[in-house]
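Take a look at the structure below.
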Amino acid sequence: MRIRVAHLYPDYLNIYADRGNIAVFERRAALRGHALEITGVAPGASLDPSSFDLIYVGGGQDREQALVAPDLAERGQLLRTAVDEGTALLAVCGGYQLLGRSYRGRDGSSMPGAGLFPLETVAGDRRLIGDVLLDVDLDGCTTTVAGFENHAGRTLLDPGAVPFGRVLAGHGNDGASRLEGCRVAAAIGTYLHGPLLPRNPVLADWLLARALEHAGGDGYLEPLADELERLAHVVSAGRARSRGGR
Ligand code: GLN
């Protein structure tokens, strides 16, 4: 099958080689005989999010975020409709923050958000940095997700909002709630950089399966051997565990 992917602002939001997540989608899809058709979306470019099966937004610092925030906020309603209709989405760090209602950066100025995720973010004085390990429930499939975080933003979820995961080690959304990221339908926002997907193949396949369903398939993906990927996960999870709760 053909999986249509929109990559938002690739020239602005690509800190920590977040683009590597797209390479993982591409490779894991190809190994099952599916092809990704990737469209890079620049600020101002026309986009109908509903015509994509998967949307990806990477991370970036406050400066880059400010450059794309108004454009992303304008696309909010269309993005919400697409996610309501089953388009899968992964947003990392700076992209995650901007898909909430607003982000107040280090200099105190406020950026508008797209309002897809029910949350707000305000930058704090101290950055929250280090390896992270999460306990995640993907529609009944429980797994751990390992990654790396580096953010000044403190993200507060609205009451009743669903986090992406619970923090086993690391800081998470705000360093206090033990919650990490946010989930709405098949849309996931998270602080985990990395890239995130090479060491978390279960998450990569869950998103790919949702994208395939949106494309009209049954979402079945043949299991892969994933020896190196599992090893990468174990090493990364061990690093986070040795760091403990902060
Ligand atoms: N500027 C944001 C923060 O520091 C996001 C940083 C990032 O994407 N690493 O909270």
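Note that ligands are numbered from 1 as they come in the structure, with each ligand's atoms numbered from 1 the same way.
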Worksheet item: Looking at ligand 1, does any of its N/O atoms fall within less than 3.5 Å of an N/O of Gly94?
Response: yes

Practice prompt. Using only heavy-atom distances, determine whether the side chains of Thr155 and Tyr96 contain a donor-acceptor pair under 3.5 Å.
Written response: no

Worksheet item: Quick one: does His193 get within less than 4.0 Å of ligand 1, heavy atoms only?
Response: yes

Worksheet entry | Neighbour count above 12 (heavy atom, 6.0 Å) for Arg32 CZ | yes

Worksheet item: Of all the heavy atoms in Tyr191, does at least one lie under 4.0 Å from an atom in ligand 1?
Response: no

Worksheet item: So which protein heavy atom does atom 3 (C) of ligand 1 come closest to, and at what separation?
Response: Ala152 N, 3.4 Å

Worksheet item: Against heavy atoms of Tyr103, which atoms of ligand 1 measure under 4.0 Å?
Response: 1 (N), 2 (C), 3 (C), 10 (O)

Worksheet item: Taking C-beta and beyond as the side chain, do Arg183 and Asp139 meet within less than 4.5 Å on heavy atoms?
Response: yes

Worksheet item: Distance-only, no hydrogens or angles: does the Asp205 side chain make a donor-acceptor pair with backbone N or O of Leu221 under 3.5 Å?
Response: no

Item to complete: From the options Asn150, Thr155, Val122, select the one whose nearest heavy atom is closest to atom 9 (N) of ligand 1.
Response: Asn150

Worksheet item: Do Glu149 side-chain atoms and His171 backbone N/O form a donor-acceptor pair below 3.5 Å?
Response: yes

Worksheet, complete the sentence: Closest to atom 1 (N) of ligand 1 among protein heavy atoms sits Asp62 OD1, 2.5 Å

Worksheet item: What atoms in ligand 1 come closer than 4.0 Å to a heavy atom of Arg127?
Response: 4 (O)

Item to complete: Check each atom of ligand 1 against the heavy atoms of Gln65 and keep those under 4.0 Å away; list them by number with element.
Response: 1 (N), 2 (C), 5 (C)

Worksheet entry | Main-chain N/O of Arg4 paired to Asp53 side chain as donor or acceptor, under 3.5 Å | yes

Worksheet item: Which is closest to atom 5 (C) of ligand 1 in terms of heavy atoms, Gly95, Gly60, Gly59, Gly58?
Response: Gly60

Worksheet entry | Arg243 side chain vs Asp131 backbone, donor-acceptor pair below 3.5 Å | yes

Worksheet item: Would you say Arg127 has more than 12 foreign heavy atoms packed within less than 6.0 Å of its CZ?
Response: yes

Item to complete: Considering only NZ, NE, NH1 and NH2 on the basic side and carboxylate oxygens on the acidic side, decide whether Arg80 and Asp84 come within less than 4.0 Å.
Response: no

Practice prompt. Do me a favour and list the nearest non-hydrogen protein atom to atom 7 (C) of ligand 1 with residue, atom name and distance?
Written response: Cys93 SG, 2.9 Å

Worksheet item: Under 4.0 Å from any heavy atom of Gln97, which atoms of ligand 1 are there?
Response: 2 (C), 3 (C), 5 (C), 10 (O)

Discussion item. Quick check on contacts: which atoms of ligand 1 are under 4.0 angstrom from a heavy atom of Gly153?
Written reply: 3 (C), 10 (O)

